[in-house]
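Chain identifiers are assigned alphabetically (A, B, ...) following the order of the sequence lines, protein sequences preceding nucleic acid strands; residue numbering begins at 1 within each chain. This one's a predicted model, so the numbers in the text were calculated from it and none came from an experiment.
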Number of protein chains: 2
Amino acid sequence: MALRRKKSGGIGRPEGFGYPRPVSTPGGNGEARTGKPPTLRDVAREAGVHVSTVSRVLNDQAAAGRITQDTDERIREVARRLGYRRNSIARALRTGRTLVVGMVVPDVANLYQAGITRGAGDVLYAHGYSLILASTDDDPKHAESQVSAMLGVQADGLLYGVAREDDAVLAWLVDEGIPVVLFNRGAESREISAVLPDDRTGTRLAVEHLLSLGHRNIVHVGGPEDVSSTVNRLGTFEEVLQEAGLRGSHGFAHRHTEEEGYRVTSDLLEERPDTTAVLAANDRLALGAIDAIREAGRSCPEDVSVVGFNDMPYGDRFSPPLTTVHISQNNLGSMAAKLLLETIADPGRPAETHLAAPELVVRGSTAPAQTDRSSL
Amino acid sequence: MALRRKKSGGIGRPEGFGYPRPVSTPGGNGEARTGKPPTLRDVAREAGVHVSTVSRVLNDQAAAGRITQDTDERIREVARRLGYRRNSIARALRTGRTLVVGMVVPDVANLYQAGITRGAGDVLYAHGYSLILASTDDDPKHAESQVSAMLGVQADGLLYGVAREDDAVLAWLVDEGIPVVLFNRGAESREISAVLPDDRTGTRLAVEHLLSLGHRNIVHVGGPEDVSSTVNRLGTFEEVLQEAGLRGSHGFAHRHTEEEGYRVTSDLLEERPDTTAVLAANDRLALGAIDAIREAGRSCPEDVSVVGFNDMPYGDRFSPPLTTVHISQNNLGSMAAKLLLETIADPGRPAETHLAAPELVVRGSTAPAQTDRSSL
DNA sequence: CTGTTAGCGCATTCAC
DNA sequence: GTGAATGCGCTAACAG
C-alpha cells in the first residue's frame with residue numbers, strides 16, 4: 001500500500017471485522033445531554049405534553065390551526081434546547097417511506113456520470129431525499145447485489161443507469177413494483193420512464209459534421225452491443241451515411257473505456273486503411289481512438305478526424321481538444337431525479353421518456369479530409 | 001431546459017410535490033406475491049414456526065448449533081420461495097445500527113473526489129454498508145444541512161472531506177459522538193482520525209523538481225486559507241525555497257477551481273513578471289494557472305513551468321500534459337472507509353492519521369528554466 | 001386542540 | 001431448540 005501510518009494506534013484487526021460490538025456509551029461521560037439522542041418522548045416529558053402532540057408540532061401540522069400557538073412554541077423551544085432530531089428510521093418504519101433514493105451507475109469515478117450524479121443529487125436533496133450511490137463496473141452481477149442492497153435499505157425509488165437490452169435486474173425491479181427511472185440508457189422493451197440523450201439527433205449532427213468536412217471513409221466505434229445508446233448511435237450512423245450514398249464499418253467495444261476504444265479503432269484502421277474519420281460512441285472511446293491513430297503512425301486531426309459523444313469535462317483541454325456531442329449531464333441528472341420523485345408520488349402515472357438535446361461542439365480533433373492519399 | 005419531452009404523459013405538477021400520497025397498491029394486481037413484501041411473520045407462518053426462530057436462522061445464529069438442521073433448511077427454503085428480504089429499516093430501529101455511512105465531499109462531480117468516493121464505496125459495500133453521498137460545494141452552510149440530513153437517516157458514521165480549520169459542523173459532529181473520519185483535509189486542532197495526502201513530502205518533491213530544473217523565481221497558488229492542505233503546502237513551499245536561499249510569492253484561491261487558479265496566477269504574474277514557475281496547490285488550480293500564463297502572452301512550459309497536485313484523471317492528456325504530484329485516490333478512499341469501519345466497531349479507539357504517499361509525476365508542463373530574460 | 005391506542009418489522013431476553 | 005413477550009421511535013387513526 002502506498003500509505004504510511006503516522007500516529008499508529010494499533011494496526012487494527014487484520015481484515016474484515018465481524019459484527020461490530022454494541023456501541024457502548026463511551027465512559028461515564030454522563031453530565032447533561034450526552035448519553036443518547038433525545039426522542040419525542042423526552043421532548044414531550046420536558047414540555048409537559050403528549051408525544052403525539054410533539055409529533056404533530058414538529059411535523060408542521062400546527063399549520064392547520066390544530067395546535068395552540070403557545071403549545072407550539074413551547075414544544076419547539078424544548079426540542080431545540082434538547083437538540084432533538086427526528087429519527088428517520090423510526091419514521092420510515094412507521095410511514096413506509098424512507099426518503100432515500102438509490103442511484104446505480106457503472107462507475108462513480110466516471111466523469112460523465114459524476115455530472116449526472118451531481119444534478120440528481122441536488123434535486124433529491126432539495127426535496128428532502130438522500131441519495132445512496134453504487135457502482136457496478138457495468139457488470140450485471142454487481143448490479144444485482146447493489147440493487148438488492150438498495151432494496152434492503154428500503155429505498156423509495158431507484159435511478160438506474162446501467163440498463164441493458166435484456167436486463168434481468170431491471171425486470172426484477174419492475175416486478176417488485178418499485179419506482180424506477182432509467183437514465184443514460186433505455187430499455188425499449190419496457191414501459192419505464194427514462195431520461196436519455198437524444199442519440200439519433202446527436203449522431204446525425206456528428207456524422208453530418210464529418211461529411212461536411214469532406215470525409216467519405218468513416219468508421220464507427222460503438223459501445224457494448226446490448227446498450228440502447230450503442231444501438232441508436234450505430235443505427236443513425238449507418239442511416240446518415242446511407243443517405244449520402246456511403247457505407248461505413250464499425251466495431252463494438254465491450255466497455256466504455258479508452259482501452260477498448262483503442263482496441264476497436266486499431267482493428268478498424270487495419271481493416272480499412274483508407275479511413276479518414278472515426279465517430280466514437282462516447283468520449284472515452286474517442287480518446288482511445290486517438291491513441292490508436294497515433295500508434296498507427298498517423299495523426300489526429302491531420303490524417304484522421306475523431307468525434308466523441310457526451311462532452312465529458314475537460315474535453316476542451318485534451319490534445320487535441322475533442323470535437324464531440326454535448327449532453328448536459330447536470331440537466332439529465334436533475335430531470336431523472338424529478339421524474340423519479342413524481343413517480344414515487346404517483347406510482348400509477350404513465351411512463352415518460354425525456355430526451356436531452358444534443359449539441360455539436362466542434363474543437364480540434366476534426367479537420368477537413370485530406371486529399372485522398374491513394375490517388376497521389 | 002435543453003430537454004424535450006417524447007411521449008408526454010402530463011407535465012407533472014409544476015414544482016415541488018408536497019407530501020406524496022400513500023403508495024397505493026397499483027390496481028387489484030393481486031394474485032400471488034404482489035401486494036406487499038413478505039415479512040418475517042409471513043415466512044414464519046408459512047414455515048410453521050415462530051417469528052423469532054426465523055429471525056435466528058436468517059441471522060445465521062444457527063451456526064451456534066442452536067437450530068435444527070431441518071428447521072433451518074425449511075425456513076431458508078420458504079424465505080427464498082417467498083422472496084423474503086430483510087427490512088433493514090426495522091432492523092436498524094431495533095439494533096440502533098443502520099449500516100449506512102455518509103460521505104461529504106465538496107463536489108461529487110470533481111474528478112479527484114470521485115476516485116476517492118469509488119475507493120470508499122467499494123470497501124463499504126464489501127462490508128455490507130451503504131453509502132450516502134452529499135456535495136456541499138465546499139460551502140460550510142451546505143455542509144451543515146447535509147450533515148444534518150445524514151444524522152437524520154441515522155448514519156453509523158461519516159466520511160468528512162470538507163474540513164476547515166475552524167469547522168463548526170465538525171465540532172458538532174464530534175460533540176454528538178458520531179464516528180467520523182476525515183479525508184483529504186485534516187483538522188489539526190482535533191483528535192479525529194484522518195486519511196490525508198502527505199502534503200509536505202509531496203510539496204517538497206514538487207519544489208525540488210522545479211529547483212532542479214533551474215527555476216529560481218517560483219510562485220505558489222494556494223487553496224482556501226483555512227484548509228489544512230493549503231497551510232501545509234504553502235508552509236513546505238516556503239521552507240524548501242528558504243533552504244535554497246530563495247523566497248517565493250504566493251496567493252490564495254477562494255476555491256479549488258480553474259477560474260480561481262487563473263485569477264490568482266494572473267495577479268501573481270503581474271506582481272512578479274520574472275516568474276518562471278508556478279506551483280499550484282492542486283491540479284485544477286494548475287489548469288487555471290496555465291490559462292493565465294497563456295493569457296499573459298507566455299507559454300507553458302517554455303516560458304513558465306507549472307506543477308499541480310493530486311494527479312487528477314486525464315492529466316496526462318492535457319495540453320500540455322500536467323506535471324503533478326500523484327496521490328492514489330482509490331487508496332485514500334478505501335483507507336478512510338476502513339478506518340471509519342474500525343471506528344464504528346470500536347468508538348473508543350484512539351484517533352489515527354494516515355498519510356497517503358505522494359509521487360512526483362513529471363510530464364509536459366515543466367521544463368528547464370529559460371535563461372534569465374531580463375539579463376539579455 | 002390534545003391525549004390514547006396501536007402497531008410498522010425486527011432482534012432479543014426470558015421461559016420452557 | 002423453540003415460542004412468547006417486549007420495545008426500538010415514531011405516526012396515524014380515533015377519542016374526547
What bend angle does the helix from C:dC1-D:dG16 to C:dC16-D:dG1 show across its length, from five-pair end axes and to the nearest 10 degrees? 40°

On DNA chain D, nearest-nucleotide positions of B:Thr95 versus B:Thr71: which is more 5'? B:Thr71

Run the side chain to side chain donor-acceptor pair (under 3.5 Å) test against B:Arg85 and tell me which residues pass, sequence neighbours left out. A:Glu176

Strictly below 4.0 Å: does B:Asn87 bring a side-chain N or O up to OP1 or OP2 of C:dC8? no

For A:Arg185, is there an ion pair with A:Asp138 - N to carboxylate O distance below 4.0 angstrom? yes

Between P on C:dC10 and CD1 on B:Ile75, what's the gap in Å once rounded to a whole number? 13 Å

Measuring to OP1 and OP2 of C:dA11, would you say a side-chain N or O of B:Arg86 lies under 4.0 angstrom away? yes

Pair A:Arg118 + B:Asp137, salt bridge at N-O below 4.0 Å: yes

Atom CG of B:Asp72 and atom C1' of D:dT2 are separated, to the nearest Å, by 13 Å

Determine the contact category for B:Leu40: base if any of its heavy atoms lies under 4.0 Å from a base atom, sugar-phosphate if only primed atoms, P, OP1 or OP2 are that close, otherwise nothing. sugar-phosphate

Calculate the interatomic distance between B:Arg97 atom CZ and D:dC8 atom C1'; express it in whole Å. 15 Å

In whole angstroms, the gap separating P of D:dT2 from CD of B:Gln69 amounts to 11 Å

Which is true for B:Val51 with a 4.0 Å heavy-atom rule: it touches a base, it touches only sugar-phosphate, or it touches nothing? nothing

To the nearest Å, give me how far apart CG (A:Leu82) and C1' (D:dG9) are. 15 Å

Ignoring backbone atoms, test whether A:His50 places a side-chain nitrogen or oxygen under 4.0 Å from the OP1 or OP2 oxygen of C:dT2. no

If you check the A:Arg41 side chain, which of D:dG3, D:dC8, C:dG9 turns out closest? D:dC8

On DNA chain D, check which nucleotide each of B:Ala90 and B:Gly48 is closest to and give me the residue with the more 5' one. B:Gly48

Got a donor-acceptor pair under 3.5 Å from the side chain of B:Arg56 to the base of D:dG3? yes

For residues 140-153 of chain B, dump all side-chain donor-acceptor pairs below 3.5 Å to protein atoms at least two apart in sequence or in another chain.
residue, atom, partner, partner atom, Å
B:His142, ND1, B:Thr136, O, 3.2
B:Ser145, OG, A:Tyr125, OH, 2.7
B:Ser145, OG, B:His142, O, 3.1

So, OP1 or OP2 of D:dG3: does either fall under 4.0 Å of a side-chain N or O from B:Ser52? no

Side-chain heavy-atom pair B:Leu99, B:Arg97 within 4.5 angstrom cut-off: yes

For B:Gly102 and B:Leu131 the tightest heavy-atom approach is C-CD1, 4.5 Å

Rounded to whole angstrom units, what separation is found between the CZ atom of A:Arg94 and the C1' atom of C:dG7? 6 Å

Roughly how many Å is it from CG in A:Leu93 to P in C:dC10, rounded to a whole number? 9 Å

Quick one: does B:Leu58's side chain get under 4.5 Å of B:Ile75's, heavy atoms only? yes

Contact under 4.0 Å: B:Arg91 side-chain N or O vs C:dG9 OP1/OP2: no

